[in-house]
2 protein chains.
Amino acid sequence: MDVTGHTSPGRHSGPGQEPRKAASIRDVAQAAGVSYQTVSRVINGHPNVREETRKRVEAAIATLGFRRNATAFALAGGVTRSVTVLTSNTTLHGYAATLQGPEEAARAAGYSLGVKVVTPEDDLDRTISSAAAEGGGLMVIGFDRLGASALRRVPADVPCAAVVEAPPHGRTPPRPAVWADDREAARTATAYLLELGHRTVHHVAIPTSDGTRRSAGPRAQGWRNALEQAGITPPEPHGGKGWNAQAGYDEGRKLADTPDVTAIPCGNDDLALGVLRALHHAGRSVPEDVSVIGFDDAPHSGFLTPSLTTVRMDFQGLGRDAFGLLRSRLENDFQHPRSDIRRHRADHPRKLGATDA
Amino acid sequence: MDVTGHTSPGRHSGPGQEPRKAASIRDVAQAAGVSYQTVSRVINGHPNVREETRKRVEAAIATLGFRRNATAFALAGGVTRSVTVLTSNTTLHGYAATLQGPEEAARAAGYSLGVKVVTPEDDLDRTISSAAAEGGGLMVIGFDRLGASALRRVPADVPCAAVVEAPPHGRTPPRPAVWADDREAARTATAYLLELGHRTVHHVAIPTSDGTRRSAGPRAQGWRNALEQAGITPPEPHGGKGWNAQAGYDEGRKLADTPDVTAIPCGNDDLALGVLRALHHAGRSVPEDVSVIGFDDAPHSGFLTPSLTTVRMDFQGLGRDAFGLLRSRLENDFQHPRSDIRRHRADHPRKLGATDA
DNA sequence: TGCATGGATGTGACCGGTCACACAAGCCCC
DNA sequence: GGGGCTTGTGTGACCGGTCACATCCATGCA
């Protein structure tokens, strides 16, 4: 509507924030009349500190508002517990939902999570290497071309895990990765439509992660396979140019004019939404004249009228698994960097225990 | 649909990743036959290095795959250039869009961005202080109760900026913040409905950020104000219990039964979507029988059938502004550890201008 | 009494960068 | 031809934590 929210922000410069430097472990030590090492012991819950000393140190910590400097901690060899997610998008449902996996897992595991959105404009190698320099691991969402190429350029020595499109048969991603069986899901959905009696099934595809043929993505492949298994020659696939409702609408206009189009599984829910609208504008009713199926189960899909049938994908689980993969890589690294003495230190309960978070 | 995507992930353990320790500045120095300081000069582009020496160092950097350790850099006093966003949600459109602001701004400004999702379960103070310990600034999205209370608990010495609901008249947020004028936007939208000839206007509200009365949020207030200005006694507001389409549907069922309900501006697009569906189920048609207006302009809203009229809010701009606020705070701090010169620098065009993005 | 044992605490070095400063060599100028 | 300036390079200390090891003191036990 033309009633547009007015967003020139109200500003408030806030109560005076004194930029005094944060208290260090040494400041606390001095205040408590002990050595810095004792303070370190207290903040790490080391047992061998006299009760009274501990009290004193804790008091000093409280009055000085001491917080352990995470940077120094990391530098001194403390576990890094940080992961940066590289993605080209954060708003499309698939991406956002995938991102929720690590968000939640990171919170649970006491990791800090960074998000870096990559764009076609910026220098991938620079972006990646700056992300890698942060110290923790890298998690790449490689659903699209940009993400996939980012994944390919992660240096071999950087701990990394990815969520990707299901790779073509016989090929494996360049790095440890997880994926969902989109191909099978699309095949099943298409087969279902055929069972309903449709003579053929048309597909509006999402862009592929290698940026090439639009029939190459696993979802398109699944659709194609289902048709072939039923002895039907797949029609030319549509789409492949965009992910959003507008792209779906554009393709939908074309499809709406073709009479033999009665069933349209789409590469995602947004495309499906656009297709629905195009069909509506063309006077073809859903689901009477045409069946439309979405993909991804975006949160609003269930509330559309008419309802959009959709294929649910567990993106969050995927993201969580990738995070887990990366985490185990990171923590294994930590436990056996090379030699043997370390291993002894690694079993120290404080390092591995769940209480550390 | 019952055709559910199969997501047990295919896994691939990837090519052997040797966990060799990353090369340090000293390693490079040794390889190039210079001192570590010279290496530091080269990577920082310091002019006083002989051309031939620079070449040698650069070669060593390349062969060793040296990357400057961001942790050590930060510890040694390099600017931190990192911001952590605290939010209770990342998927609702308002939040996701707000988050895009700092994502983009951070990329442009070479900042790294952390995201921390807070939940009612976890210990806010711990979460905040661990986020603060990362070193950079804190940006809080305080649209809801949880976010608002997080904002209140950020220690005074932590650089911080927030995006909040428009505060009640005469009150200011506890910390530097930006907000949109939701109240005015809602008032205008409601006035528009009244102009169309509706006798009264009902409202389905989003939850408020102080967790209390459901008529307290700025959007509800704007709706109420418009009615009062028109001499109409506002009916009891609905909603206030949830943000999503299901919540909208629940309220919509109730409203659909009341004959005098002919206009329903909703607190956000998801609620509106649910209301639309409830009206449809109840056999009341939109827009013939009832006018529904959303709020936020979520990306799919424009593609619904019938179209959802919605009020566009520039969340991304809001997020960008908050980031800018925080950034100037961080960089001022860095440049002038305390005194007064601040005011002068705050008007620096680069800080406030639109070109910064 | 003599010594091993172990708890409580302090000192020094280190992580990987930075900055401040010292120093040597080359040049200019009076 | 020696004082000053500039350029290129190296040394030492520091950021704020950690770990390894040394020390002091109170025990327990032979």
Query raised in the report: Hey, is B/Lys116 close enough to B/Asp122 for a salt bridge, meaning N to O under 4.0 Å?
Result: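 Here B/Lys116 does not pair with B/Asp122 in a salt bridge, since their nearest N and O are not under 4.0 Å apart.
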**Report entry** Full working for salt bridge (Lys or Arg N to Asp or Glu O under 4.0 Å) between B/Arg107 and B/Glu103
**Finding:** CA-CA 6 Å; B/Arg107 172 158 34 85; B/Glu103 272 162 7; over 6 Å; no
Query raised in the report: Can you list the residues that meet the salt bridge (charged side-chain N to carboxylate O under 4.0 Å, His left out) rule with A/Arg152, with sequence neighbours excluded?
Result: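 A/Arg152: no salt bridge (charged side-chain N to carboxylate O under 4.0 Å, His left out) contacts found.
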**Report entry** Partner residues of A/Arg54 under the side-chain contact (heavy atoms from CB on, under 4.5 Å) criterion, sequence neighbours left out
**Finding:**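 In terms of side-chain contact (heavy atoms from CB on, under 4.5 Å), with neighbours along the sequence ignored, A/Arg54 is linked to A/Val42, A/Val49, A/Glu51, A/Glu58.
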Requested in this report: For DNA chain C, note the earliest and the latest nucleotide, 5' to 3', having some atom under 4.0 Å of a heavy atom belonging to chain B.
Outcome: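 Listing 5' to 3', DNA chain C meets chain B from C/dG16 to C/dA20.
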Report task. Tell me which residues in residues 35-48 of chain B put a heavy atom below 4.0 Å from DNA chain C, sorted by number, or none. Result ->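 Heavy-atom contacts with DNA chain C come from B/Tyr36, B/Gln37, B/Ser40, B/Asn44.
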Query - Within 6.0 angstrom of A/Gln37 CD, more than 12 heavy atoms from elsewhere - result: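 Yes - once you tally the heavy atoms of other residues, nucleotides and ligands closer than 6.0 Å, there are more than 12.
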**Report entry** Within residues 54-63 of chain B, residues whose heavy atoms come under 4.0 Å of DNA chain D
**Finding:**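 None, since no heavy atom is under 4.0 Å.
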Query raised in the report: Within the side chain of B/Thr80, is there an N or O that forms a donor-acceptor pair under 3.5 Å with the backbone of B/Ser82?
Result: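 Not a single qualifying donor-acceptor pair exists.
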Query raised in the report: So what does B/Thr53 hit on the nucleic acid, given a heavy-atom distance under 4.0 Å: a base, only sugar-phosphate, or nothing?
Result: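 Answer is sugar-phosphate: B/Thr53 comes under 4.0 Å of backbone atoms only.
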Query raised in the report: For A/Phe323, which residues count as a ring pair (Phe, Tyr, Trp, His ring centres under 6.0 Å) partner, sequence neighbours excluded?
Result: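 Testing A/Phe323 for ring pair (Phe, Tyr, Trp, His ring centres under 6.0 Å), a comparison that skips the adjacent residues, returns A/Tyr111.
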Query raised in the report: Closest nucleotide of DNA chain D for B/Ala72 versus for B/Val34: which of these residues is on the 5' side?
Result: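 Upstream on the strand: B/Val34.
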Requested in this report: Pick out which of B/Val28, B/Asp27, B/Ile25 makes a side-chain contact (heavy atoms from CB on, under 4.5 Å) with B/Tyr36.
Outcome: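 So, applying the side-chain contact (heavy atoms from CB on, under 4.5 Å) to B/Tyr36 and each of B/Val28, B/Asp27, B/Ile25, only B/Ile25 qualifies.
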Requested in this report: May I have the step-by-step check of salt bridge (Lys or Arg N to Asp or Glu O under 4.0 Å) for B/Glu331 and B/Arg81, ending in yes or no?
Outcome: CA-CA 9 Å; B/Glu331 300 186 0; B/Arg81 291 197 173 287; 3.5 Å; yes
Query raised in the report: So, do B/Ser24 and B/Asn69 sit near enough that their side-chain heavy atoms are less than 4.5 Å apart?
Result: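 Not touching, per the 4.5 Å side-chain cut-off.
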Query raised in the report: Taking CZ from A/Arg50 and C1' from D/dA26, how many angstroms apart are they, rounded to a whole number?
Result: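 That distance rounds to 12 Å.
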